[in-house]
S.K.: 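Have a look at this one.
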Amino acid sequence: VSEAPSNPNSHSTQPERRRPHGGRPIRVGLLGAGVVGGGVLALLAQHARQIEQRVGVRVEVGRALVRDLGKPRVPEAAGVPFTTDAEELFGDASLDLFVEVMGGTDEAGTLLARALSSGRSVVTANKALLAARGAGLFALAAANRADLAFEAAVGGGIPIIRTLRDAASSDEVVGITGILNGTSNFILTAMTDSRAPFAEALADAQARGFAEADPSLDVGGFDAAQKLLVLAMLAFGQEPVPLSHDPSSAVLVEGITAIDAADVEAADRLGFVVKHLVVGRDHGERVELRAHPALVRKLSAWAAVAGSLNAVKIEGRALGPLFMSGRGAGDLPTAVSVVADVVEVARSIVAGVPGLSTGLATGARAVAVRPLVPRADLELRYYVRFEVHDQPGVLARIAGALAEHRVSIAEIVQSEGKEGRARIVLTTHRAREGAMLASLAELAPISVAAPVLLRIEDTL
Ligand SMILES: NC(=O)c1ccc[n+]([C@@H]2O[C@H](COP(=O)([O-])OP(=O)(O)OC[C@H]3O[C@@H](n4cnc5c(N)ncnc54)[C@H](OP(=O)(O)O)[C@@H]3O)[C@@H](O)[C@H]2O)c1
């Protein structure tokens, strides 16, 4: 299916855009009925009357697609026809919209492109898909007068997409900051509270259902970075780019796997807490996008975002800062966002103007690629932990290398390590990241292990 972009506003010149719905119930095709899909089935059934009042007609699940018909489902799935054959859903002309909660990018992307091409609206919770193919899917939605709603893709139950799309539509959003990966936040909170090592905190998160069996997307920083790309698309009109851990990659992506209990401890002594953050800034010519662990002040609002909670802050030129915190995952919180999108999209269908509430709004913010700020040009404060051979002059050598690159030290603490090693922890004043990296490269010969470099965000 072609995803060729078209002018999103072009069809506004066409005389007939109303498609009367005729008072029939809205029928949903559900693609996936796992954690989130189960929550969607439950909320649509439990709040059926309230939803009918808000939409004007009943909203019901007409058919559901899964992989395994033998799996147990939520009680509210009883009576819904389940299938493993997507053709049964696409062949059912009575389905008005599709809700995609299956995950993955290939098959989900093909199904959504197909739904949008046939003029049927889509609600999705899939940030990975939007980060990979969002711009093409938005163009397809606009070209076919269909809605593409995705509140649950970022921040689970936190209404950040609506806030950016509607509440901030009168403003220019210049900054986004967030704690958007509940797994990483759960692990870092456990490491802070009990000084547990990373591996132990991860195993505990897995045992308690807060981390997947394969946690690499979460603890590697990619899940949070994908969400940042989705927010940056909406807030700054920045087209998503491929993500990687490569240091030369335009979007800085670092996870929490290198964080040691020693860093949590040292941060604590310096008055900080370690959090995994996403940061986006619109600098006009260039856009800054990064996802990495950072030190935040113990007394900041960010430090209070504990366990699996998420938080996000946007900064509007006119509005100033706006901060929201809440449950970023889980069946029901995520389903609240999915079903709110279903209500909104269903209303447009009933009003005969599908594509109006989300499709045109997203299409109206032109998505283009602007250059990203390269890593070397970032200007921040830094935390560094060195493990070095305990020899006379090491402190002076570190101070010398930093001074040579015009990095000024704010605080420095030396403590005794194991087996004749010394641990040196320092923080800097604002410096260019390129200068930091050059200093660290020069200090490689005296380091027993690669130094740990973390960014300090003390002005959030
Ligand atoms: N879990 C959360 O808290 C959360 C929060 C925000 C966003 N999301 C997003 O929501 C989406 C779904 O997540 P989830 O946690 O609900 O996943 P999940 O529990 O694994 O559910 C996936 C569902 O999709 C079905 N499915 C997957 N691939 C399929 C295929 N190729 N053909 C047919 N059916 C297929 C599965 O069928 P079977 O049941 O038969 O296996 C299952 O019902 C993902 O995009 C995720 O990123 C999740």
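Just so it is clear, the structure is predicted and the values come from calculations on it, not from any experiment. Basis for what follows: all heavy atoms, side chains included, without hydrogens, waters or symmetry-related copies. Counting convention: from 1, in listed order, for ligands and their atoms alike.
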S.K.: Heavy atom under 4.0 Å from ligand 1: found in T334's side chain, backbone, both, or neither?
M.R.: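 The part of T334 near ligand 1 is the side chain, not the backbone.
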S.K.: When you measure from atom 31 (N) of ligand 1 to every protein heavy atom, which one gives the shortest distance, and what is it?
M.R.: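 Protein heavy atom at minimum distance: E107 OE1, 3.0 Å.
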S.K.: Under 3.5 Å between some N or O of ligand 1 and some N or O of D331?
M.R.: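 Looking only at distances, the answer is no, because the N/O contact criterion of under 3.5 Å is not met.
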S.K.: Is the terminal nitrogen or CZ of R455 (NZ for Lys, CZ for Arg) located under 6.0 angstrom from the six-membered ring centre of Y383 and within 45° of that ring's axis?
M.R.: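 The answer is no, since R455 fails at least one limit relative to Y383.
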S.K.: Ligand 1 and A33, any nitrogen or oxygen pair closer than 3.5 angstrom?
M.R.: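 Right, the criterion is met.
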S.K.: Looking only at N/O atoms, are G34 and ligand 1 under 3.5 Å apart anywhere?
M.R.: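 G34 vs ligand 1: N/O contact under 3.5 Å present.
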S.K.: Look at atom 4 (C) of ligand 1 and say which protein heavy atom is nearest, naming residue and atom and giving the distance to 0.1 Å.
M.R.: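 Result: V36 CG2, 3.6 Å.
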S.K.: What do we get for R67 next to ligand 1 when only non-hydrogen atoms under 4.0 Å count, side chain, backbone, both or neither?
M.R.: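 Answer for R67: both.
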S.K.: How long is the gap from CD on Q238 to CG on L231, to the nearest 0.5 Å?
M.R.: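 Answer for the CD-CG pair, Q238 versus L231, is 13.0 Å.
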S.K.: Would D223 and K127 pass as an ion pair if we require N to O under 4.0 Å?
M.R.: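 Salt bridge flag = yes for K127 with D223.
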S.K.: Do me a favour and list the nearest non-hydrogen protein atom to atom 12 (C) of ligand 1 with residue, atom name and distance?
M.R.: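 Looking at atom 12 (C) of ligand 1, the protein heavy atom closest to it is V101 O, 3.3 Å.
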S.K.: For D68, give me all partners under side-chain hydrogen bond (donor to acceptor under 3.5 Å, both in side chains), at least two apart in sequence or on another chain.
M.R.: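 Counting only residues at least two positions away or on another chain, D68 forms no side-chain hydrogen bond (donor to acceptor under 3.5 Å, both in side chains).
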S.K.: Would you give the length of the straight line joining atom CD1 of I161 to atom CD of E151, rounded to the nearest 0.5 angstrom?
M.R.: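 Answer for the CD1-CD pair, I161 versus E151, is 5.5 Å.
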S.K.: Applying a strict 4.0 Å limit to heavy atoms, is E100 in contact with ligand 1?
M.R.: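 False for this residue.
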S.K.: With side chain to side chain donor-acceptor pair (under 3.5 Å) as the test, would you mind laying out the steps for S184 and N181 before giving the verdict?
M.R.: CA-CA 6 Å; S184 297; N181 185 261; 2.9 Å; yes
S.K.: Out of all atoms in ligand 1, which are within 4.0 Å of some heavy atom of A329? Include the element for each.
M.R.: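 Within the 4.0 Å cut-off of A329, ligand 1 contributes 3 (O).
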S.K.: Look up atom 47 (O) of ligand 1 and tell me if a protein heavy atom lies less than 4.0 Å from it?
M.R.: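 Under 4.0 Å from atom 47 (O) of ligand 1, at least one protein heavy atom found.
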S.K.: Report the nearest protein non-hydrogen atom to atom 10 (O) of ligand 1: residue, atom name, distance rounded to 0.1 Å.
M.R.: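 Result for atom 10 (O) of ligand 1: A125 CB, 3.6 Å.
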S.K.: Is atom 40 (O) of ligand 1 less than 4.0 angstrom from some protein heavy atom?
M.R.: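 It does; a protein heavy atom is within 4.0 Å.
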S.K.: Who passes salt bridge (Lys or Arg N to Asp or Glu O under 4.0 Å) against E457, sequence neighbours left out?
M.R.: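 Once residues adjacent in sequence are excluded, the partners of E457 under the salt bridge (Lys or Arg N to Asp or Glu O under 4.0 Å) criterion are R290.
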S.K.: Side chain, backbone, both or neither: which part of M102 comes within less than 4.0 Å of ligand 1 when only heavy atoms are counted?
M.R.: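 The part of M102 near ligand 1 is both the backbone and the side chain.
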S.K.: In ligand 1, which numbered atoms sit nearer than 4.0 Å to a non-hydrogen atom of A152?
M.R.: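 Matching atoms, with element in brackets: 6 (C), 7 (C).
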S.K.: Could you tell me the residue and atom name of the protein heavy atom closest to atom 3 (O) of ligand 1, and the distance to it rounded to 0.1 Å?
M.R.: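 Scanning the protein heavy atoms, the shortest distance from atom 3 (O) of ligand 1 goes to G330 N, 2.7 Å.
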S.K.: Tell me which one of G38, G70, G103, A335 gets a heavy atom nearest to atom 45 (O) of ligand 1.
M.R.: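 Ranked by closest heavy atom to atom 45 (O) of ligand 1, first place is G103.
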S.K.: Using 4.0 Å as the upper bound for N to carboxylate O, is an ion pair formed by R120 and D96?
M.R.: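 A salt bridge is absent here (no side-chain N lies under 4.0 Å from a carboxylate O).
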S.K.: Are R195 and E265 within salt-bridge range, i.e. N to O under 4.0 Å?
M.R.: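 A salt bridge links R195 with E265.
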S.K.: Which residue owns the protein heavy atom closest to atom 25 (C) of ligand 1, what's the atom, and how far is it?
M.R.: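 Result for atom 25 (C) of ligand 1: G32 CA, 3.8 Å.
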S.K.: Are F323 and W302 close enough that their ring centres sit under 6.0 Å apart?
M.R.: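 Yes.
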S.K.: Can you establish whether the number of heavy atoms outside L69 located under 6.0 Å from its atom CG is more than 12?
M.R.: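 Yes, because the 6.0 Å sphere around CG of L69 holds more than 12 heavy atoms from other groups.
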S.K.: Tell me which part of Q226 gets within contact of ligand 1: side chain, backbone, both or neither, using heavy atoms under 4.0 Å.
M.R.: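 Q226 to ligand 1: no contact under 4.0 Å from either part.
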S.K.: Is D263 salt-bridged to R385, going by a charged N under 4.0 Å from an acidic O?
M.R.: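 Yes, charged N to carboxylate O under 4.0 Å.
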S.K.: Would you compute the distance between atom OG of S169 and atom CZ of R162 and round it to the nearest 0.5 angstrom?
M.R.: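 The OG atom of S169 sits 13.0 Å away from the CZ atom of R162.
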S.K.: Looking only at distance, does G156 have an N or O less than 3.5 Å from an N or O of ligand 1?
M.R.: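 In fact, backbone or side chain, G156 has no N or O that close.
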S.K.: What's the shortest distance from atom 17 (O) of ligand 1 to any protein heavy atom, and which residue and atom give it?
M.R.: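 The closest heavy atom on the protein side is V35 N, 4.5 Å.
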